[in-house]
A.B. asks: 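Attaching a single structure in structure tokens format; questions to follow.
All ligand and atom numbering here is 1-based and tracks the order in the structure.
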Amino acid sequence: MERLSRRRFLKISAASFGAGAVATQVVPLSQAAAGGEVKTVPTFCEMCFWRCGGIAYVRDGKLWKFEGNPIDPQSRGRLCPRGTGAIGAHYDPDRLQKPLLRKGERGKEQWAAVTWDEALDFIAGKMNKIKAEHGAESIAMLNHGVGVRFLQHVLRSYGATNFAGPSFAQCRGPRDVGYMMTMGTDLGSPEPTDIENTDCLVLIGSHLGENMHNTQVQEFANAVERRIPIIVVDPRYSVAASKAKYWLPIRPGTDLALLLAWMNVLVSEGLYDREFVGQYGHGFDRFVAEIKGYTPDWAAAETGLDAQMIRVTAREFGRRRPHSLIHPGRRVNWNGDDAQRGRAVALLNALLGNWGRRGGIYINHHVELANFPLPKYPKSDKPKADNPNFERYPFAHEAVTTGIRETTLTGKPYPIKAWWVYSTDLIHALPNQAETLKAIDQLDLMVVVDTMPAEIAGYADVVLPEVTFLERYDELLAGWGRQGWVALRQPVVAAPGDQKPGWWIAKQLAAKLGIPESMPFEDIEQYLAVRCEKSGIDFARLKAEGVIMGPKQPIYVDDGAPIEFGTPSGKVEFWSDQLKDAGFDPVPKYTPPEKPPEGYFPLITGRAPVHTFSRTQSNPYLSSLMPENEVWVNGATAAKLGLKNGQYVRLKNQDGVVSQRVKVKSTQRIRPDTVYMVYGFGHTNKMRRHAQMNGASAAQLNTRYKTDPLMGGTSLHGNFVTLVKEI
Ligand SMILES: Nc1nc2c(c(=O)[nH]1)N[C@H]1C(S)=C(S)[C@@H](COP(=O)(O)OP(=O)(O)OC[C@H]3O[C@@H](n4cnc5c(=O)[nH]c(N)nc54)[C@H](O)[C@@H]3O)O[C@H]1N2
Ligand SMILES: Nc1nc2c(c(=O)[nH]1)N[C@H]1C(S)=C(S)[C@@H](COP(=O)(O)OP(=O)(O)OC[C@H]3O[C@@H](n4cnc5c(=O)[nH]c(N)nc54)[C@H](O)[C@@H]3O)O[C@H]1N2
Ligand code: SF4
Ligand SMILES: [Mo]
């Protein structure tokens with residue numbers, strides 16, 4: 001396999017940490033001219049959900065650049081390329097400008113631009129009708145990001161109870177449920193991985209360096225500098241793999257076999273933390289009996305890896321216990337049985353005894369903030385629509401987006417008649433687009449609040465244009481980390497058009513719905529000032545500095561950090577009675593993935609360093625760095641199929657769905673039996689002029705999916721594609 005040089009990795013790091021140079025090139029020439037009055041405003045980034053603190057520079061009243069805030073613990077003074085390119089979100093030529101009301105058939109994208117009053121009157125009228133006929137619970141919201149705070153609050157005040165975001169069932173949910181079942185707590189965001197101080201790091205499909213979660217990438221770069229052994233498990237030779245001592249090019253969907261074999265090695269060779277397991281473990285003997293059969297030789301046949309390599313790598317992290325770390329992963333929805341894989345990772349870490357230990361999972365902290373006094377929400381006697389009485393997904397501890405979709409489709413246990421969609425592009429984020437569209441057909445109202453003409457906006461009844469994060473205040477951020485902190489999002493520049501901030505939309509809506517008392521403050525500045533004052537935070541200082549750190553607290557058990565496990569047994573559950581009682585495997589068991597039909601390849605997805613999901617494709621700075629995605633095909637496979645590097649193909653999946661055209665990247669950096677694509681491309685919304693039809697959409701090909709029976713996570717891999725030449 002091709003080795004990526006260190007220079008190439010540094011280039012990627014440089015792209016991430018020094019991308020200001022790229023950004024300034026594309027700033028309008030008038031601003032790029034030297035001189036002018038410069039003002040700086042600290043705020044935090046919303047280009048993804050890592051929430052890095054940055055400092056925005058405004059020159060002569062125009063947004064100039066966005067850099068890291070040195071006192072912010074997430075950015076540590078450096079932004080990733082998407083953060084640096086955030087000014088492109090302000091200048092994006094395709095931004096939504098005015099509220100839009102659907103004219104003509106749903107999905108045909110015929111609109112009338114209307115005033116905010118007209119749009120909100122229309123919405124309130126529809127909502128009142130739905131509430132009168134079905135109850136306010138029939139109005140659901142799908143959302144992502146902190147900006148939703150006040151809209152969600154007003155909907156709750158109105159009686160709505162159903163809210164869900166893709167960050168659970170399409171992202172980190174299985175990992176968090178796996179941890180919940182094992183350690184009695186989830187990991188949340190940012191996950192408390194002590195990469196900075198670990199002696200051995202294992203990444204399983206966590207492609208740090210392409211996944212640009214800033215702090216982790218910085219800690220990872222330091223780990224590379226420290227020359228610790230890094231083990232990367234990925235069917236693809238990722239950027240992270242190129243920095244690793246070991247690359248395990250696993251057959252997609254077989255990771256649980258590897259994890260079980262690794263546990264088998266740790267136990268049989270006595271490479272686990274006996275003291276930790278003895279003191280805190282529950283059901284260890286039964287666990288040992290269960291994993292006995294999962295030997296490296298057995299796993300080698302399943303995973304396509306070398307049995308000796310499985311042993312050698314287990315010894316690398318086993319010997320360095322408890323200061324070694326199996327990264328728990330982030331977007332872990334691969335095959336639909338992922339919570340058990342998440343649990344296996346938690347168990348492996350438990351064997352290493354790294355909970356609350358240097359180089360493992362640290363004990364994280366946050367600052368408790370006082371609330372602004374707000375009226376109580378009305379009570380409802382209806383179950384949650386996504387997971388009525390936990391009957392669908394017994395161990396889901398957050399709401400399931402696809403559960404709301406299912407209820408919308410079936411009308412059971414009660415009809416869902418409206419969707420508010422805030423900052424989530426459900427057409428790209430959820431599996432099976434046809435199901436999403438069928439569910440939308442059941443609705444009397446769909447409101448989309450977005451900054452951009454998202455795919456989902458094309459199907460809305462009303463589209464409400466929000467200002468970007470650089471143009472608004474949002475709710476305070478009380479961040480979790482080694483030390484808690486409070487961060488402020490505040491406006492840097494004015495909105496270029498008739499866009500409004502979420503809190504403003506919420507306040508107007510509350511008045512139209514006849515519940516103005518739910519927003520009992522003049523404006524958000526007053527709200528924020530009161531919360532800060534009650535919390536003992538100097539609001540003026542927060543405005544000036546952007547971030548205020550909380551007190552230092554111990555993060556390791558050895559230094560006095562608390563150790564407690566919220567499981568039913570109060571211990572680390574190597575054997576789970578609650579899983580067994582609910583009819584699930586008390587210790588994870590392996591099931592092999594389905595094999596593709598002849599001529600088809602499993603399609604796997606991931607991120608590009610310069611884009612976030614489906615949101616940045618028309619950003620002038622970021623799209624100039626990567627205008628379209630490519631389909632990665634192994635060189636030998638490409639040759640066999642008669643495909644050349646750079647040639648356009650279409651991908652056809654097992655259900656006959658055909659993608660837009662996409663370039664072949666013929667490479668040695670992927671297994672011959674797998675293809676890979678960056679997700680988020682292939683926009684079709686007509687208003688998205690600068691990204692329309694560029695590249696292919698992985699989501700479109702994601703027609704077939706499985707649902708995790710424990711918690712409702714949906715598989716995002718598991719579809720098979722064949723490559724059709726574009727003539
Ligand atoms: N096939 C496939 N599907 C996936 C994934 C995958 O890898 N492959 N990944 C999954 C994961 S991990 C996640 S977290 C989800 C992500 O799913 P989403 O959160 O839905 O991500 P986006 O597609 O970026 O949609 C975000 C929308 O928010 C809008 N937006 C951005 N900023 C603002 C703002 O300030 N205000 C408002 N109102 N809107 C804003 C953007 O324009 C965009 O339309 O997708 C999941 N789905
Ligand atoms: N630049 C950028 N960074 C981001 C985001 C973004 O949109 N853009 N999104 C953020 C969000 S919300 C999330 S959730 C994270 C997601 O980031 P991660 O959780 O790190 O990665 P994924 O995108 O889920 O997974 C992609 C990796 O898994 C590998 N993979 C695929 N199938 C398998 C398999 O069966 N086994 C193994 N071992 N590996 C496999 C792929 O080849 C790829 O390298 O990224 C975050 N960071
Ligand atoms: S990781 Fe990058 S995009 Fe995400 S919040 Fe931080 S700077 Fe912004
Ligand atoms: Mo995610």
A.B. asks: In the protein, what heavy atom is nearest to atom 41 (C) of ligand 1, and what distance, to one decimal place, separates them?
C.D. replies: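 Of every protein heavy atom, D450 OD1, 3.3 Å lies nearest to atom 41 (C) of ligand 1.
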
A.B. asks: Determine yes or no for a side-chain-to-main-chain donor-acceptor pair under 3.5 angstrom, with D386 supplying the side chain and G403 the backbone.
C.D. replies: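 Between the backbone of G403 and the side chain of D386 there is no qualifying donor-acceptor contact (under 3.5 Å).
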
A.B. asks: Indicate yes or no: does an N/O atom of P166 lie under 3.5 Å from an N/O atom of ligand 1?
C.D. replies: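 No, there is no polar N/O contact under 3.5 Å.
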
A.B. asks: T468 near ligand 1, heavy-atom distance under 4.0 Å?
C.D. replies: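 Contact absent.
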
A.B. asks: Is the distance between the ring centroids of Y527 and F150 under 6.0 Å?
C.D. replies: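 F150 vs Y527: aromatic centres under 6.0 Å.
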
A.B. asks: Hey, does the side chain of H207 reach the backbone of R607 with a donor-acceptor pair shorter than 3.5 angstrom?
C.D. replies: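 Yes, the answer is positive, given that a donor and an acceptor are paired below the 3.5 Å cut-off.
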
A.B. asks: Any ion pair linking E219 and R76 (charged N to carboxylate O, less than 4.0 Å)?
C.D. replies: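 Looking at E219 together with R76, the answer is yes, because their closest N to O distance falls below 4.0 Å.
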
A.B. asks: Of all residues at least two apart in sequence or in a different chain, which pass the ring-ring contact (aromatic ring centres under 6.0 Å, His included) check with F601?
C.D. replies: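 F601 satisfies ring-ring contact (aromatic ring centres under 6.0 Å, His included) with no residue once adjacent residues are dropped.
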
A.B. asks: When you compare the side chain of F720 with that of E594, does any pair of heavy atoms fall below 4.5 Å?
C.D. replies: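 Yes, close enough: below the 4.5 Å cut-off.
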
A.B. asks: So for ligand 1, is V449 a polar contact partner (N or O within less than 3.5 Å, distance only)?
C.D. replies: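 So ligand 1 has an N or O lying under 3.5 Å from an N or O of V449.
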
A.B. asks: Counting only heavy atoms, which portion of R51 has something under 4.0 Å from ligand 3: side chain, backbone, both, or neither?
C.D. replies: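 The answer is the backbone.
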
A.B. asks: Once the angle between the rings of W50 and H213 is folded into 0 to 90°, is it parallel (under 30°), tilted (30 to 60°) or perpendicular (over 60°)?
C.D. replies: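 Geometry flag for H213 against W50: parallel rings.
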
A.B. asks: For side-chain contact (heavy atoms from CB on, under 4.5 Å), just list the numbers for W503 and R149, CA-CA rounded to whole Å, side-chain angles, deciding distance to a tenth of an Å, and then say yes or no.
C.D. replies: CA-CA 8 Å; W503 71 265; R149 163 74 175 111; over 6 Å; no

A.B. asks: I want to confirm something. Looking only at heavy atoms, which of S423, G145, A169 is nearest to atom 27 (C) of ligand 1?
C.D. replies: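 Answer by nearest heavy atom: S423.
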
A.B. asks: side-chain contact (heavy atoms from CB on, under 4.5 Å) between W116 and I505: does it pass, once the steps are laid out?
C.D. replies: CA-CA 9 Å; W116 279 94; I505 305 172; 3.7 Å; yes

A.B. asks: Where is the nearest protein heavy atom to atom 10 (C) of ligand 1: which residue, which atom, and how far?
C.D. replies: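 Ranking protein heavy atoms by distance from atom 10 (C) of ligand 1, first comes Q170 O, 3.2 Å.
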
A.B. asks: Considering only protein heavy atoms, which is closest to atom 9 (N) of ligand 1, and at what distance to one decimal place?
C.D. replies: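 Result for atom 9 (N) of ligand 1: R607 NH2, 3.2 Å.
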
A.B. asks: Give me the nearest non-hydrogen protein atom to atom 47 (N) of ligand 1 as residue plus atom name, then the distance to 0.1 Å.
C.D. replies: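 It is A429 O, 2.8 Å.
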
A.B. asks: Specify side chain, backbone, both or neither for D425, according to which of its non-hydrogen atoms lie closer than 4.0 Å to ligand 1.
C.D. replies: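 Both parts.
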
A.B. asks: Hey, are the side chains of Q433 and S697 touching, using non-hydrogen atoms and a 4.5 Å cut-off?
C.D. replies: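 Of all side-chain heavy-atom pairs linking S697 with Q433, at least one is under 4.5 Å.
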
A.B. asks: Can you sort out which atoms of ligand 1 are near C171, meaning under 4.0 Å from one of its heavy atoms?
C.D. replies: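 Selected atoms, number and element: 12 (S), 14 (S).
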
A.B. asks: Looking at ligand 1, would R172 count as a contact under a 4.0 Å heavy-atom criterion?
C.D. replies: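 R172: no contact with ligand 1 (<4.0 Å).
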
A.B. asks: Judging by distance only, is a nitrogen or oxygen of R615 under 3.5 angstrom from one on ligand 1?
C.D. replies: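 Yes, R615 has an N/O under 3.5 Å of an N/O on ligand 1.
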
A.B. asks: With I440 as reference, evaluate M446, R405, E435 under the side-chain contact (heavy atoms from CB on, under 4.5 Å) test and give the passing residue.
C.D. replies: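 For I440, the side-chain contact (heavy atoms from CB on, under 4.5 Å) check succeeds only for M446.
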
A.B. asks: List the steps and the verdict of side-chain contact (heavy atoms from CB on, under 4.5 Å) for L203 and V233.
C.D. replies: CA-CA 6 Å; L203 299 176; V233 184; over 6 Å; no

A.B. asks: With heavy atoms under 4.0 Å as the rule, classify the contact between T424 and ligand 1 as side chain, backbone, both or neither.
C.D. replies: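 Both backbone and side chain.
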
A.B. asks: As a quick check of understanding, evaluate ring pair (Phe, Tyr, Trp, His ring centres under 6.0 Å) for H144 and F49, giving each step before the final call.
C.D. replies: CA-CA 9 Å; H144 206 169; F49 306 106; 3.7 Å; yes

A.B. asks: How far is atom 13 (C) of ligand 1 from the closest protein heavy atom, and which atom is that?
C.D. replies: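 Ranking protein heavy atoms by distance from atom 13 (C) of ligand 1, first comes F613 CE2, 3.7 Å.
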
A.B. asks: I'd like to check which ligand 1 atoms, numbered from 1 as shown, lie under 4.0 Å from a non-hydrogen atom of M452.
C.D. replies: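 By the 4.0 Å cutoff, the relevant atoms are 42 (O).
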
A.B. asks: Show which atoms of ligand 1 fall inside a sub-4.0 Å distance from at least one heavy-atom site of T605.
C.D. replies: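 Under 4.0 Å from T605, ligand 1 has these atoms: 6 (C), 7 (O), 8 (N).
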
A.B. asks: Quick check: does any side chain N or O of R650 sit under 3.5 Å from a backbone N or O of K652, one acting as donor and the other as acceptor?
C.D. replies: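 The answer is no, because no donor-acceptor pair under 3.5 Å joins these two groups.
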
A.B. asks: Picking from L509, D450, V421, L120, what satisfies side-chain contact (heavy atoms from CB on, under 4.5 Å) with L464?
C.D. replies: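 Per the side-chain contact (heavy atoms from CB on, under 4.5 Å) rule, the option paired with L464 is L120, out of L509, D450, V421, L120.
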
A.B. asks: Report, in ascending order of atom number, the atoms of ligand 1 lying under 4.0 Å from any heavy atom of A454.
C.D. replies: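 Those of ligand 1 that fall under 4.0 Å from A454 are 44 (O).
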
A.B. asks: Could you list the atoms of ligand 1 found under 4.0 angstrom from a heavy atom of H428?
C.D. replies: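 Every atom of ligand 1 under 4.0 Å from some heavy atom of H428: 3 (N).
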
A.B. asks: Between the side chain of D338 and the main-chain N/O of N335, is any donor-acceptor distance below 3.5 Å?
C.D. replies: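 Such a contact is found between D338 side chain and N335 backbone.
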
A.B. asks: Is R330 near ligand 1, meaning one of its heavy atoms is under 4.0 Å from it?
C.D. replies: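 In this structure, R330 fails to qualify as a contact of ligand 1 - no heavy atom is under 4.0 Å.
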
A.B. asks: Counting only heavy atoms closer than 4.0 Å, does ligand 1 sit against the backbone of T451, its side chain, both, or neither?
C.D. replies: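 For T451, backbone and side-chain atoms both sit under 4.0 Å from ligand 1.
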
A.B. asks: Please report the C-alpha distance between S189 and R51 in whole Å, then the side-chain angles of each, then the deciding distance to 0.1 Å, and finally whether the side-chain contact (heavy atoms from CB on, under 4.5 Å) criterion is met.
C.D. replies: CA-CA 10 Å; S189 176; R51 297 165 188 167; over 6 Å; no

A.B. asks: Can a salt bridge be assigned to the pair R482 and E196 using a cut-off of 4.0 Å between side-chain N and carboxylate O?
C.D. replies: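 No, no charged N to carboxylate O under 4.0 Å.
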
A.B. asks: What protein heavy atom is closest to atom 45 (O) of ligand 1, reported as residue, atom name and distance in Å?
C.D. replies: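 Result: Y679 OH, 2.9 Å.
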
A.B. asks: Between V114 and K98, is any pair of side-chain heavy atoms under 4.5 Å apart?
C.D. replies: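 Answer no - side chains too far apart.
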
A.B. asks: I want to know if ligand 1 touches E466 in the polar sense, i.e. an N/O pair below 3.5 angstrom.
C.D. replies: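 Min N/O separation from ligand 1 is below 3.5 Å for E466.
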
A.B. asks: Identify the closest protein heavy atom to atom 23 (O) of ligand 1: which residue and atom is it, and at what distance?
C.D. replies: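 Scanning the protein heavy atoms, the shortest distance from atom 23 (O) of ligand 1 goes to S614 OG, 2.4 Å.
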
A.B. asks: Closest non-hydrogen protein atom to atom 12 (S) of ligand 1, residue and atom name please, with distance?
C.D. replies: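 Of the protein heavy atoms, R331 CG, 2.8 Å lies nearest.
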
A.B. asks: Tell me which part of H144 gets within contact of ligand 1: side chain, backbone, both or neither, using heavy atoms under 4.0 Å.
C.D. replies: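 Only the side chain of H144 comes within reach of ligand 1.
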
A.B. asks: Identify, by atom number and element, the atoms of ligand 1 in contact range of N702, meaning under 4.0 Å from any of its heavy atoms.
C.D. replies: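 Matching atoms, with element in brackets: 1 (N).
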
A.B. asks: So R341 and R175, do their side chains get closer than 4.5 Å, heavy atoms only?
C.D. replies: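 Of all side-chain heavy-atom pairs linking R341 with R175, none is under 4.5 Å.
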
A.B. asks: For ligand 1, is there an N or O atom under 3.5 Å from any N or O atom of R472?
C.D. replies: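 R472 vs ligand 1: N/O contact under 3.5 Å present.
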
A.B. asks: Could you tell me whether some N/O pair between R688 and ligand 1 is separated by less than 3.5 angstrom?
C.D. replies: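 No: no nitrogen or oxygen of R688 is under 3.5 Å from one in ligand 1.
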
A.B. asks: If you define the side chain from C-beta out and look only at heavy atoms, does anything of H611 sit under 4.5 Å from P81?
C.D. replies: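 Heavy-atom side-chain distance check fails, nothing below 4.5 Å.
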
A.B. asks: Counting only nitrogen or oxygen atoms and a 3.5 angstrom limit, does S167 reach ligand 1?
C.D. replies: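 For ligand 1, there is no N or O atom that lies under 3.5 Å from one belonging to S167.
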
A.B. asks: What protein N/O/S atoms are there under 2.8 Å from atom 2 (Fe) of ligand 3, waters excluded?
C.D. replies: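 You should have found C80 SG.
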
